[in-house]
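Okay, structure first, notes after.
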Amino acid sequence: MARFEATVDIDRPVAEVFAFLADGGENDRKFSPRVHAISKQPAGPTAVGTVFRSTVKDAGMTTRREFRISDLVAPARIRWNEVSTNLVTAREGGYDLEPLANGRTRVRIFNDLEGHRLGKLLVGLAVAAARKDAPAFGQRIKAAVGAS
């Protein structure tokens, strides 16, 4: 298993940032260009047990992903587990949100990646690419929240 993470400070109150990130059905596409389509089951507010199904393009390959919300503590923590069976999956991922002075929020995102079958050989490349993109990913989240 290998982890990547990013931290970014956003000029919005923690409750607003939490609401934006918890609504992954629509908002993930605003900051993750790899996400081509995403849906949420069941409809309604995100809660523990909510499942997000997405079609993403990674390293030139299109795959289907399924993530289940495993922990949701407003406005401080969101956790998910990937339940799809791809070569490289996010065993656990999440956001930690911390209120800062002047109505700002610090967000830490992380994913613990693991490889399956042939993916055991690819996970190192996947996490290296994710780590390289992590600062830009954080900035894309910041821009998307700011534009909402």
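Start at 1 with the first residue, then count along the sequence.
For the salt bridge (Lys or Arg N to Asp or Glu O under 4.0 Å) test, residues two or more places apart in sequence or in another chain that qualify with Glu16 are Arg12. Under the salt bridge (Lys or Arg N to Asp or Glu O under 4.0 Å) criterion, Arg64 pairs with no residue, sequence neighbours left out. The side chain to side chain contact (heavy atoms under 4.5 Å, CB included) test applied to Arg104 returns Asp9, Asp11, Leu100, not counting sequence neighbours. Residues that satisfy the side chain to side chain contact (heavy atoms under 4.5 Å, CB included) test with Val73, not counting sequence neighbours, are Asp71, Arg77. Looking at residues two or more places apart in sequence or on another chain, you find a salt bridge (Lys or Arg N to Asp or Glu O under 4.0 Å) between Glu5 and Arg3, Arg108.
Contacts classified as side chain to side chain donor-acceptor pair (under 3.5 Å) and involving residues 137-148 (residues at least two apart or in different chains) are given here: Asp133-Arg140.
The shortest distance between side-chain heavy atoms of Val145 and Lys30 does not fall below 4.5 Å. Counting heavy atoms from C-beta on, the side chains of Leu21 and Ile141 come closer than 4.5 Å. When side chains are defined from C-beta on, Leu97 does not count as touching Pro75, because their heavy atoms never get closer than 4.5 Å. Side-chain contact between Phe110 and Arg79 is present, with heavy atoms from C-beta onward closer than 4.5 Å.
Here the side chain of Ser54 pairs no donor or acceptor atom with the backbone of Ile38 at under 3.5 angstrom.
Between Phe67 and Trp80, the angle of the ring planes goes over 60°, which puts this pair in the perpendicular group of the 30/60° scheme.
Rounding to the nearest 0.5 angstrom, the gap separating the OG atom in Ser39 from the CD atom in Glu66 is 9.0 Å. Considering CZ of Phe20 and CG of Asp28, their distance stands at 8.0 Å, rounded to 0.5 Å. Going from atom OG1 of Thr105 over to atom OH of Tyr95 covers 14.0 Å, rounded to the nearest 0.5 Å.
One hydrophobic cluster holds both Val127 and Leu122 under the rule that ILVMFWY side chains link at heavy-atom gaps under 4.5 Å.
His116 and Thr89 are linked by a side-chain donor-acceptor pair at a separation below 3.5 angstrom, with hydrogens and angles left out of the test.
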**Request:** List the steps, then state whether side chain to side chain contact (heavy atoms under 4.5 Å, CB included) holds for Ile69 with Phe52.
**Result:** CA-CA 8 Å; Ile69 300 296; Phe52 291 94; 3.9 Å; yes

